[in-house]
Q: 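Submitted below is the structure of interest, expressed as structure tokens.
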There are 2 protein chains.
Amino acid sequence: MKPHVHQERLSELNEKLRQKSRKVTAPRQAILDVLRKHRHPLTNKEIFAVLPPGECDLATIYRSMHMLESMRMVQRFDFGDGTARYELICEGDDGHHHHLICTRCSEVLEIEDCFPVALEKKLAEDSGFKFVTHKLEFFGVCPKCQGK
Amino acid sequence: MKPHVHQERLSELNEKLRQKSRKVTAPRQAILDVLRKHRHPLTNKEIFAVLPPGECDLATIYRSMHMLESMRMVQRFDFGDGTARYELICEGDDGHHHHLICTRCSEVLEIEDCFPVALEKKLAEDSGFKFVTHKLEFFGVCPKCQGK
DNA sequence: ATGTTAATTGCAAATCATTTGCAATGCATA
DNA sequence: TATGCATTGCAAATGATTTGCAATTAACAT
């Protein structure tokens with residue numbers, strides 16, 4: 001019943017799924033909903049923890065994040081702790097940016113500017129490499145954690 | 001016999017170990033020897049593979065690298081593939097630098113300049129963070145791999 | 001509506017990197 | 001040369017991620 005209700009609620013994100021001949025499944029919608037509500041990079045386990053129990057298997061989250069990454073719908077970040085983190089890529093954005101992470105409490109600040117972009121060109125010229133990109137993250141101690 | 005031969009062969013690196021009341025053991029010397037001979041970041045497994053069989057346990061390499069890192073004798077790098085890599089820190093160097101890594105063949109180029117250092121200061125001022133550092137690695141396709 | 005089919009999921013087991021417990025061993029110092 | 005604590009090897013534990021496979025389901029054509 002009400003055959004189109006479901007489609008009406010689908011966001012651009014789900015449309016993107018459709019366009020790639022991917023199925024719009026409950027787990028995928030749930031994952032995208034979580035990402036939409038969180039503006040910071042989330043680990044798969046964090047996504048899993050936020051989801052209602054039984055909503056989606058951890059393995060499915062891993063598989064979904066790979067798919068979303070390959071579709072450029074999420075951006076993967078490495079904070080150097082051996083756990084991948086993902087952020088939804090906004091409309092008209094390429095998802096490329098950096099973070100400032102507190103090494104004590106793990107607070108995360110997004111950094112607007114991307115500095116080394118200009119340098120990639122110089123690097124590419126000097127080295128002969130092509131398609132040069134970079135990963136850059138900053139680490140420090142946030143104001144709250146400075147009082148030891 | 002020949003009680004001092006061993007000591008005569010000890011490098012500055014082993015002296016450093018001594019100074020920190022660390023023991024100069026065969027596995028540690030072997031590991032440092034490997035690092036001295038390789039100018040690129042090595043994974044623990046790569047170090048293990050280069051070492052003569054039975055020379056040193058993998059777990060010992062993991063423990064040694066942690067120790068060497070805390071003593072600032074090696075620098076740890078993350079290339080985003082979930083495996084730590086280490087480079088010996090040269091005399092008078094702080095070990096801080098970056099790499100350009102080929103995403104196809106994993107060739108690694110060291111990059112002399114460190115660009116974002118000046119930006120750390122600005123970031124620290126803007127955010128209130130202290131002790132701001134960064135990790136930066138570049139990725140691309142090397143000349144050899146460009147011919148598909 | 002319903003059937004068909006390929007994509008997707010859950011679950012459990014497998015991998016991979018890394019860590020850790022513990023008893024045996026080995027350096028450094030007396 | 002003896003003593004004591006650091007260090008090691010080995011095996012088992014951990015934590016993140018991947019994978020095989022049978023059961024389920026979305027998409028689309030009946």
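Reminder, nothing fancy here: chain letters follow the sequence lines and each chain counts from 1.
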Q: Using the benzene-type ring in the case of Trp, are the ring centres of A:His134 and A:His96 under 6.0 Å apart?
A: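 Ring centroids of A:His134 and A:His96 are less than 6.0 Å from each other.
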
Q: In whole angstroms, how far is the C1' atom of D:dA6 from the CE atom of B:Met67?
A: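 Going from CE in B:Met67 over to C1' in D:dA6 covers 11 Å.
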
Q: To the nearest angstrom, how far is B:Tyr86 atom OH from C:dT18 atom C1'?
A: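 Those two atoms, OH and C1', are 9 Å apart.
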
Q: Between atom CG in B:Leu58 and atom C1' in C:dA17, what is the gap in whole Å?
A: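 From B:Leu58 CG to C:dA17 C1': 9 Å.
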
Q: Please state how far atom CZ in A:Phe77 lies from atom P in D:dA16, giving the value in whole angstrom units.
A: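 Answer to the nearest Å: 20 Å.
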
Q: Considering the options A:Thr43, A:Ile101, A:Thr103, which one meets the side chain to side chain contact (heavy atoms under 4.5 Å, CB included) requirement together with A:Phe79?
A: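 Going through A:Thr43, A:Ile101, A:Thr103 one by one, the side chain to side chain contact (heavy atoms under 4.5 Å, CB included) with A:Phe79 is satisfied by A:Ile101 alone.
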
Q: Tell me, do A:Glu110 and A:His98 make a side-chain contact under 4.5 Å, heavy atoms counted?
A: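 Sidechains of A:His98 and A:Glu110: no contact.
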
Q: Should the pair A:Asp33-A:Lys37 be classified as a salt bridge under the 4.0 Å nitrogen-to-oxygen rule?
A: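 Between A:Lys37 and A:Asp33 there is no salt bridge, as every charged N stays at least 4.0 Å from the carboxylate O atoms.
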
Q: Return the 5'-most residue of the pair B:Arg22, B:His66 with respect to DNA chain C, ranking by each residue's nearest nucleotide.
A: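 That would be B:His66.
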
Q: To the nearest angstrom, how far is A:Lys23 atom NZ from C:dT9 atom P?
A: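 The answer, rounded to whole Å, is 9 Å.
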
Q: Please give, in whole Å, the distance from C:dT8 P to A:Leu68 CG?
A: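 Distance check: A:Leu68 CG to C:dT8 P gives 11 Å.
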
Q: Should A:Arg18 be listed as having a side-chain N or O under 4.0 Å from OP1 or OP2 of D:dA27?
A: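 For D:dA27, OP1 or OP2 has a side-chain N or O of A:Arg18 closer than 4.0 Å.
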
Q: Given that B:Thr25 and B:Ala59 both sit by DNA chain C, which one's nearest nucleotide is further toward the 5' end?
A: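 Result of the comparison: B:Ala59.
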
Q: Could you check which residues of residues 42-57 of chain B get a heavy atom under 4.0 Å from DNA chain D? Sort them by number, please.
A: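 B:Glu55, B:Cys56, B:Asp57, in order of number.
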
Q: Check this one for me: any side-chain N or O of B:Tyr62 less than 4.0 Å away from OP1 or OP2 of C:dT19?
A: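 Result: no.
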
Q: Applying side-chain contact (heavy atoms from CB on, under 4.5 Å) to A:Met65 and A:Asn44, what does each step give before you reach the verdict?
A: CA-CA 8 Å; A:Met65 299 320 289; A:Asn44 286 344; 3.1 Å; yes

Q: So, taking the atom named NE2 in A:His97 and the one named CD1 in A:Ile89, what distance separates them when rounded to the nearest 0.5 Å?
A: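 So the gap between those two atoms works out to 9.0 Å.
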
Q: Please work out if A:Ala26 contacts a base, only the sugar-phosphate, or nothing of the nucleic acid, heavy-atom cut-off 4.0 Å.
A: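 It contacts nothing in the nucleic acid.
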
Q: For B:Arg28, report the nucleic acid contact type (base, sugar-phosphate, nothing); a contact means any heavy atom under 4.0 Å.
A: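 Sugar-phosphate, backbone atoms only, no base.
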
Q: Which of these nucleotides, C:dA28, C:dA7, C:dG21, is closest to any side-chain atom of B:Arg63?
A: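 Nearest to the side chain of B:Arg63 among the choices is C:dG21.
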
Q: I need the CD-C1' distance between B:Gln29 and C:dC27, as an integer number of Å.
A: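 Rounding to the nearest Å, CD of B:Gln29 and C1' of C:dC27 are 11 Å apart.
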
Q: Grab the CZ-C1' distance between B:Arg85 and C:dT18 for me, whole Å please.
A: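 So the two atoms are 15 Å apart, to the nearest Å.
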
Q: Kindly state whether the ring of B:Phe77 and the ring of B:His99 have centres lying under 6.0 angstrom apart.
A: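 Yes - the distance between ring centres of B:Phe77 and B:His99 falls below the 6.0 Å cut-off.
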
